[in-house]
2 protein chains.
Amino acid sequence: MLSTTESAEPVGRREQNKIDTRRAIADAAFDLARSEGPGAFTAEQIAARAGVSRRTFFNYFHSAEDALAVRIDGFLELALGVFGRLPQDEPLFDSIIRAFSETTRMEGLSQHGELFRMANSDPDLLRAQLHSWERAEVLIAEALRRRLGPATHDLYLTALVGSVLSCTKAAMRDWAATTAEDATDSGEQLEARILAALTMLRDGFSGPVAVPLADGTAGAGDGAGSQPAEAAVPPPHRLA
Amino acid sequence: MLSTTESAEPVGRREQNKIDTRRAIADAAFDLARSEGPGAFTAEQIAARAGVSRRTFFNYFHSAEDALAVRIDGFLELALGVFGRLPQDEPLFDSIIRAFSETTRMEGLSQHGELFRMANSDPDLLRAQLHSWERAEVLIAEALRRRLGPATHDLYLTALVGSVLSCTKAAMRDWAATTAEDATDSGEQLEARILAALTMLRDGFSGPVAVPLADGTAGAGDGAGSQPAEAAVPPPHRLA
DNA sequence: CGAATAGTTGCACGCCGTGCAATCTGGTGC
DNA sequence: GCACCAGATTGCACGGCGTGCAACTATTCG
């Protein structure tokens, strides 16, 4: 299982404490958001639940919403990590698609669905999440530049990365809105949507792409009335 | 000249006062951001400069940053308006491209460049701007659904609109970073970038598209090393 | 004009986010 | 083990934020 915190490196007590604290705060924030509702709790409450002072909370996060949105950062950093480990000689879009596909296997995926829904009723949380995507955009653009070469035009890079993330975001929104995340195939549901959205992007949105369902039939992906094509995962390269 | 506030409708005193106040506040905020630097002024100062009370400021905007970001909303609403007035039978991407192209002729375009640069040094301003794009995404998706038909799949719509806006955003960022906005061809510079970015999107990012320069030569749009194609505006349909 | 309605203002309150100095804790060299 | 130091936590204080509320003022309408 992919993990946000996996790191076999020997790490000192100090560093480990920081990681633990950061995690404790993020978890406390998420628990509170669940029980009290998004935007209906204070930094003080988060700190108390995490067992630190209010001041320490603000040493780790700028706001309560940031403590929630940090999970989005985790998801995107994970995807970036997977992308970096893919063979550089395969078609670019295959790498992109597989990076995000793979990342849907991460632990704690279900929380992301909740997070997206929470953002619907808390504008500040939405902003924090948008900021997370924005930060990831920069990181991914850098990684892409390393892969495509330093001469790659900026506009091409940023437009591409922005579009890819927009499609992924759209897929996750759709997934969060329509899928019960305690379902056993929740991950596959998300993966199918990401695949569909990124395939549409690769095809220049010339037409809608159906979201393949678990039972093998294609979902109602009716766009402009034409018959939607069905997306398929790229050939099964192995992770390096 | 396109205008954010143009409206020939007969409007009562009450309504006009609100419009004036809103504008006065937004202008005051922008002036302050210029003179004091983004994030270096208070709501109280904005209110004072706009000639209203602090409380009234908060009746109009949720924060100082929102008062700045409202200009982004204006730009995007303008583009949406142009899009709605285009003939519905032309190719979708032609409409999209021309809608944004056209909008670069708006008044006060230069301020947008400044706004983008300000966001680099003020995270809260960046968040407010991202929120503006997000809100516009919803509006544009609705307009697109009206055009494509109510059966259009949600994921197709949101992925498309998100990508289009990401490309436009990328174009504006690039423009803001590279172009002196007091240049006489500032508008054309932006238009060329938007055209290039949206053309790349339409082509599924199969390769970079050069940004045509005013002198007729193509700019250095070198992507993966292949020869970049040059973008061209769609045929000159007339606005309805 | 007078009543109704909509917008403005001052006030008060709890919370936010951060600089600062005191304190505590884990790492390092002896 | 002990002394020391860098780094992390904490309490405190302060200015600013964002909003509910009630009083006040301006516009609209009969």
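We name chains A, B, ... by the order of the sequence lines, and we start the count at 1 in each one.
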Visitor: Is there a side-chain contact between Lys18(A) and Tyr60(A), using heavy atoms and a 4.5 Å cut-off?
Guide: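 Lys18(A) reaches Tyr60(A) side chain to side chain.
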
Visitor: May I ask you to verify whether the side chain of Arg14(A) and the base of dA6(D) hold a donor-acceptor pair under 3.5 Å?
Guide: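 Check passes, donor-acceptor contact within cut-off.
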
Visitor: Assess the side chains of Thr56(B) and Asn59(B): does a donor N or O sit below 3.5 Å from an acceptor N or O?
Guide: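 Looking only at side-chain atoms, Asn59(B) and Thr56(B) do not form any donor-acceptor pair under 3.5 Å.
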
Visitor: Counting only non-hydrogen atoms, which of residues 49-62 of chain B are less than 4.0 Å from DNA chain C?
Guide: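 Heavy-atom cutoff 4.0 Å gives Val52(B), Ser53(B), Arg54(B), Arg55(B), Thr56(B), Asn59(B), Tyr60(B).
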
Visitor: To the nearest Å, give me how far apart CD (Glu44(B)) and P (dG18(D)) are.
Guide: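 The distance from CD of Glu44(B) to P of dG18(D) comes to 13 Å, rounded to the nearest Å.
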
Visitor: CD of Glu36(A) versus C1' of dC15(C): gap in Å, rounded?
Guide: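 Checked: the CD to C1' distance equals 16 Å.
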
Visitor: Nearest-nucleotide wise, let me know which of Ala64(B) and Glu15(B) is further upstream toward the 5' end of DNA chain D.
Guide: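 The answer here is Ala64(B).
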
Visitor: So, does Asn17(A) get its side chain near the phosphate of dA8(D), meaning an N or O under 4.0 Å from OP1 or OP2?
Guide: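 Negative; the distance criterion is not met.
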
Visitor: Grab the CD-C1' distance between Glu65(A) and dC16(C) for me, whole Å please.
Guide: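 For the pair Glu65(A) CD and dC16(C) C1', the rounded distance is 10 Å.
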
Visitor: Using atom types as modelled and distance alone, determine if a side-chain donor or acceptor of Thr158(B) lies under 3.5 Å from a backbone N or O of Asp154(B).
Guide: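 Yes.
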
Visitor: Toward the 5' end of DNA chain C, which comes first, Thr42(A) or Arg13(A), by nearest nucleotide?
Guide: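 Upstream on the strand: Thr42(A).
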
Visitor: Considering only heavy atoms from C-beta outward, does the side chain of Phe83(B) approach that of Arg147(B) to under 4.5 Å?
Guide: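 Yes - at least one pair of side-chain heavy atoms lies under 4.5 Å apart.
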
Visitor: Let's go through Phe75(B) and Leu80(B) carefully: what are the C-alpha distance in whole Å and the side-chain angles of both, what is the deciding distance for side-chain contact (heavy atoms from CB on, under 4.5 Å) to 0.1 Å, and is it a yes or a no?
Guide: CA-CA 9 Å; Phe75(B) 176 86; Leu80(B) 181 57; over 6 Å; no

Visitor: Taking atom C1' of dG14(C) as reference, at what distance in whole Å does atom CD of Gln45(A) sit?
Guide: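 Going from Gln45(A) (CD) to dG14(C) (C1'), I get 12 Å.
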
Visitor: Below 4.5 Å, heavy atoms only, C-beta onward: do Arg34(A) and Phe30(A) meet side chain to side chain?
Guide: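 They are in contact (side-chain heavy atoms under 4.5 Å apart), so the answer is yes.
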
Visitor: Short of 4.0 Å, heavy atom to strand atom, which residues of residues 123-130 of chain A count as contacting DNA chain C?
Guide: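 Residues of residues 123-130 of chain A that come under 4.0 Å of DNA chain C do not exist, since none gets that close.
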
Visitor: Is there a donor-acceptor pair under 3.5 Å between the side chain of Arg105(B) and the backbone N or O of Ser101(B)?
Guide: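 The answer is yes, because a donor-acceptor pair under 3.5 Å joins these two groups.
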
Visitor: Do Thr168(B) and Trp133(B) come within less than 4.5 Å of each other through their side chains, counting heavy atoms only?
Guide: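 Side chain of Thr168(B) against side chain of Trp133(B), heavy atoms only: contact under 4.5 Å found.
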
Visitor: Does any part of the side chain of Leu148(B), heavy atoms only, come nearer than 4.5 Å to the side chain of Tyr156(B), both counted from C-beta?
Guide: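 A side-chain contact exists here, since the closest heavy-atom pair is under 4.5 Å.
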
Visitor: Below 4.0 angstrom from OP1 or OP2 of dA6(C), is there any side-chain N or O of Lys18(B)?
Guide: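 Indeed not, no polar side-chain atom of Lys18(B) lies that close.
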
Visitor: How many Å lie between CZ on Phe41(A) and C1' on dC16(C), as a whole number?
Guide: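 Result: 14 Å.
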
